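Reviewing the structure listed below.
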Amino acid sequence: LFFAVYFPAIHFSVQQIWSTPLFACCLSLLILTLLELRARPTASTAVAVGLLAGFTALVDAVVVVSYPLIAIWLYVTLARDHIAIGKLLGTACLAFTITLAPWLLRNYIVFGRYVFIKSNFGHELFLGNNLYASGSYAAPRSKESLTVTEKEFLSRSEEHSTNEFLLRKAVNFISAHPDRFWRLTL
């Protein structure tokens, strides 16, 4: 309630749009549309689900992990006619793909290879899997586990080369310390 009337907060919310509120809004709309699809399974609602799923994935790609579970949930709950449900899910998948296509094409042109939505997976995986990782995002000492040569290489590298290098470092760390990986993950 305080932030609703606190003038600097009002000014900031008008000047800066963060992805978190946008993601929450998109996810809420997606859930509402999924419930609508479950109640009235029509092709137009399936297209709306696909478009919203694609846009929500562009806002924050982490949601894509839940899409197979959502598809299974829809298939099981709408088990009246499996062929019709398959067509609706196919329609939603097509709309999802069409929504993502321009961004995936852009990534291919920029990076010269296929990159799904975001290109920073290697960096993110390395942040959580190195000698100084603590299982908390609040402990950013990951750069201390790099040698001076590696730091110099990363300072000269492009984004995709940096992420590929850090991905290899993280995977090597995980394979060398599987018990530590599972403790950090849990």
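None of the values given here were measured: they were computed from a predicted structure.
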Side-chain heavy-atom pair [X], [Y] within 4.5 angstrom cut-off:
| X | Y | answer |
| --- | --- | --- |
| Leu29 | Phe55 | no |
| Asn129 | Phe181 | yes |
| Leu125 | Ile174 | yes |
| Phe153 | Glu150 | no |

Cluster overlap [X] with [Y], hydrophobic side-chain contacts below 4.5 Å:
| X | Y | answer |
| --- | --- | --- |
| Tyr75 | Leu78 | yes |
| Val47 | Val49 | no |
| Phe23 | Leu32 | no |
| Leu104 | Leu58 | yes |
| Val64 | Ile31 | yes |

Can you name the nearest heavy-atom pair linking [X] to [Y], along with the distance?
| X | Y | result |
| --- | --- | --- |
| Gly128 | Ala133 | O-CB, 3.4 Å |
| Thr162 | Ser157 | OG1-CB, 3.4 Å |
| Pro41 | Leu88 | CB-CD1, 3.3 Å |

Rounded to the nearest 0.5 Å, how far does [atom2] of [Y] lie from [atom1] of [X]?
| X | Y | atom1 | atom2 | result |
| --- | --- | --- | --- | --- |
| Leu89 | Tyr67 | CG | OH | 14.0 Å |
| Phe121 | Leu167 | CZ | CG | 6.5 Å |
| Asp60 | Thr20 | CG | OG1 | 7.5 Å |
| Leu154 | Thr149 | CG | OG1 | 11.0 Å |
| Leu27 | Leu22 | CG | CG | 11.0 Å |
| Leu100 | Phe96 | CG | CZ | 4.0 Å |

Main-chain N/O of [Y] paired to [X] side chain as donor or acceptor, under 3.5 Å:
| X | Y | result |
| --- | --- | --- |
| Asn107 | Ile117 | yes |
| Asn172 | Lys169 | no |
| Thr56 | Ala53 | no |
| Arg180 | Leu131 | yes |

If a pair satisfies side chain to side chain donor-acceptor pair (under 3.5 Å) and one of its residues is in residues 29-49, list it, with sequence neighbours excluded.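 Of all non-adjacent pairs touching residues 29-49, those that pass side chain to side chain donor-acceptor pair (under 3.5 Å) are Glu36-Arg40, Thr42-Ser44, Thr42-Thr45.
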
Can you confirm whether Ile83 is buried at CD1, in the sense that more than 12 heavy atoms of other residues, nucleotides or ligands lie under 6.0 Å from that atom?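 No, CD1 of Ile83 has 12 or fewer neighbouring heavy atoms, counting only those of other groups under 6.0 Å.
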
Taking atom NZ of Lys87 as the centre, report whether more than 12 heavy atoms of other residues, nucleotides or ligands fall under 6.0 Å from it.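 No, the 6.0 Å shell around NZ holds no more than 12 heavy atoms from other groups.
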
Holding to side-chain hydrogen bond (donor to acceptor under 3.5 Å, both in side chains), I want the full list of residues that pass it with Thr77, two or more places apart in sequence or in another chain.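 For Thr77 there are no side-chain hydrogen bond (donor to acceptor under 3.5 Å, both in side chains) partners, ignoring immediate neighbours.
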
Stepwise side chain to side chain contact (heavy atoms under 4.5 Å, CB included) check, Leu127 with Glu124: CA-CA 5 Å; Leu127 286 177; Glu124 296 292 333; 4.1 Å; yes

I would like to know whether Leu74 and Ile85 meet side chain to side chain contact (heavy atoms under 4.5 Å, CB included); could you show each step before the answer? CA-CA 8 Å; Leu74 281 171; Ile85 301 309; 5.5 Å; no

